[in-house]
Amino acid sequence: MSAMPIPAANPTAVVAVPVRNEAERIAACLRAIDGQVDLAPGSLGVVLYLNNCTDGTEAIVAGLLPSLSVPVRVLTEDFSGAHAGWARRRAMDAAAAWLGEGGGVILSTDADSRVPPLWVSRTLSAIAAGADAVAGRVELDEEEGKLLPASLHARARLEDLYDALITEAEARIDPDPHDPWPCHRTTIGATLAVTRDAYIAVGGMPEIPLGEDGAFIARLIAHGKRVRHAPDLCVTISARLTGRAPGGVADTIRSRCEEPDALCDARMEVFARCVRRYLWRARFRRMHDAGTLGRETAWADWLGIGPDEAARIAALPLGHAIAEAEKASPRLAYKPIGPRQLPGQIRLARLGLVPIRILTGLRRNPGRTIPAGTAAERMA
């Protein structure tokens, strides 16, 4: 591995960008990062991890550096076993090393993405408010998106709408005080941030070929870290059909074009099943907090989990326990819907959210009380 001269700056936040053959987009990416506002001078740095580049990306980066106001550390490496998780891990590890023992914040984006001017400052605000990690949303590049089929955009609008509805239901039925509604459930490497301390504590970014970003957020939650899915962070990503990482966004877009009836994301189940899942999580959370999971076995019997596995799960930290219980239970296997089911489920979700909003609103009003769980449980 080789490196250009390391900048002398001592930033408190570093953006980590894995890069592979991005000659067409790296300039826009860097200029967007360089255009961040509402930051203290010298507080931001950038790590570019160029791996297996063969299209002149390195030369373009070298030509851009003198025009940038933000200090950039460029690392280059050729490795035959490279994949998305490996490259993001290397970039974020380098960012952590630059920050040093004093802490700070590591941000992650992609070389084909463009971050908005307030991306870093809003992320830092969320962390200052108590988050250990922050996940943002993404939108497709408008001009590139015009080249995609209208049917794909129509499906995406329905999926976005349904996702927002079930996320609201989840946030109201099983609320996370560190991630209140409005929020979202996007986890993508194009807009992630984590404190250096939390990054080190959980062992860093998972070095896996696919889905490293989602696995990282799951790892943070399993370790009890506070994750904020911030709705005011939105990064523009490429709508290209040929990507750099197998199984990434480009592959997803292409597969949806080729298979219009492909199933939705796993969490998009029928609304009634979503509500049952959120009610179960809320009940499980209460039992875990009360320390009764190890003494009461009805929850494990209902989920089809054996005594030994139930005892193991009951001893885990909350986030890890929930993940392991969902993995072990045949009743909690995800059953995603197809795109043709979306309109009907959207109608049901809109209707179902009315009593959920009323119920949760009453619970938060100290002047009025109702029996916990009864109305929502009847809905399920």
Side-chain angles (χ1 to χ4, degrees), residues 135-140 150-188 214 217-218 221 227-234 252 256 259-286 302-303 322-323 325-326 329 331-365 370-380:
R137 302 179 298 110
V138 295
E139 62 183 5
L140 294 180
S151 59
L152 187 68
H153 290 292
R155 171 176 175 164
R157 286 191 292 271
L158 290 175
E159 287 184 321
D160 289 347
L161 177 55
Y162 189 56
D163 188 68
L165 291 168
I166 62 175
T167 298
E168 181 182 355
E170 179 185 18
R172 291 181 179 276
I173 293 170
D174 183 28
D176 180 348
H178 305 295
D179 195 18
W181 178 257
C183 56
H184 60 87
R185 288 296 176 262
T186 300
T187 55
I188 187 169
I217 293 296
I221 293 173
V227 178
R228 174 60 175 154
H229 293 83
D232 61 341
L233 296 174
C234 189
T252 300
R256 294 283 176 88
E259 299 180 50
D261 290 327
L263 293 177
C264 301
D265 291 342
R267 68 185 303 268
M268 293 190 188
E269 305 175 286
V270 297
F271 186 67
R273 187 173 178 84
C274 288
V275 170
R276 283 196 293 269
R277 184 180 299 277
Y278 307 149
L279 286 167
W280 168 81
R281 286 182 189 162
R283 189 179 302 115
F284 187 91
R285 190 184 303 274
R286 291 193 297 270
W302 185 81
L303 294 179
I322 291 175
E326 291 196 331
S329 171
R331 296 196 67 174
L332 293 177
Y334 280 92
K335 299 179 180 180
I337 61 176
R340 297 178 188 273
Q341 295 172 270
L342 285 167
Q345 292 304 312
I346 288 170
R347 288 192 292 272
L348 289 174
R350 282 173 165 159
L351 290 172
L353 269 170
V354 173
I356 291 173
R357 287 168 180 154
I358 294 171
L359 174 64
T360 55
L362 289 173
R363 284 184 180 174
R364 291 170 186 152
N365 185 338
I370 60 172
T374 54
E377 286 169 0
R378 283 198 298 271
M379 285 175 52

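Here, residue 1 is the first one in the sequence, and each next residue gets the next number. Keep in mind it's a predicted model, so treat the numbers as computed, not measured.
When each of Arg285, Arg286, Arg276, Arg277 is checked for a salt bridge (charged side-chain N to carboxylate O under 4.0 Å, His left out) with Asp174, only Arg285 meets the rule. Considering Asp163, Thr167, Asp179 in turn, Asp179 is the only one that fulfils the side-chain hydrogen bond (donor to acceptor under 3.5 Å, both in side chains) rule with Arg185. Among Ile356, Leu351, Ile358, the one residue that satisfies the side chain to side chain contact (heavy atoms under 4.5 Å, CB included) test with Val354 is Ile358.
In this structure, Ala218 has no side-chain contact (heavy atoms from CB on, under 4.5 Å) partners at least two apart in sequence or on a different chain.
The main-chain N or O of Pro180 is found under 3.5 Å from a side-chain atom of Arg228 such that the two form a donor-acceptor pair. Distance alone, capped at 3.5 Å, is enough to place a donor-acceptor pair between the Gln345 side chain and the Phe271 backbone. Of the possible donor and acceptor atoms, one in the side chain of His184 sits under 3.5 Å from a partner among the backbone N and O of Ala230. A donor-acceptor distance shorter than 3.5 angstrom exists from the side chain of Gln341 to the backbone of Gly338, with no hydrogens or angles considered. With hydrogens and angles disregarded, a donor-acceptor distance shorter than 3.5 Å links the side chain of Arg331 to the backbone of Trp302. Between the side chain of Ser329 and the main chain of Ala325, no donor-acceptor pair closer than 3.5 Å is present. Thr360 contributes a side-chain N or O that, together with a main-chain N or O of Arg357, makes up a donor-acceptor pair within less than 3.5 Å.
Put simply, CG on Asp160 and CG on Leu165 are 11.0 Å apart, with the number rounded to the nearest 0.5 Å. The distance from atom CD1 of Ile173 to atom CZ of Arg281, rounded to the nearest 0.5 Å, is 10.5 Å. The distance from atom CD of Glu269 to atom NZ of Lys335, rounded to the nearest 0.5 Å, is 8.5 Å. For the atom pair Tyr162 OH and Ile337 CD1, the distance stands at 5.0 Å (nearest 0.5 Å). With rounding to the nearest 0.5 angstrom, the CG atom of Leu359 is 10.5 Å from the CZ atom of Arg172. Note that CZ of Arg273 and CG of Leu332 are 7.0 Å apart. Values are rounded to the nearest 0.5 Å.
The two residues Cys264 and Leu342 make their nearest non-hydrogen contact at SG-CD1, 4.1 Å. Residues Cys234 and Val138 share a closest heavy-atom pair of SG-C, 3.9 Å. Of all heavy-atom pairs between Pro231 and Cys183, the closest is CD-CA, 4.4 Å.
Counted within 6.0 Å of CZ on Arg267, heavy atoms from surrounding residues, nucleotides or ligands total more than 12; the atom is thus considered enclosed.
Proximity of Trp280 to Glu326: side-chain heavy atoms (C-beta onward) are separated by under 4.5 Å at one or more points. Contact check for Pro339 versus Asp261: side-chain heavy atoms found under the 4.5 Å cut-off. The side-chain heavy atoms of Thr187 and His229, taken from C-beta on, include a pair separated by under 4.5 Å.
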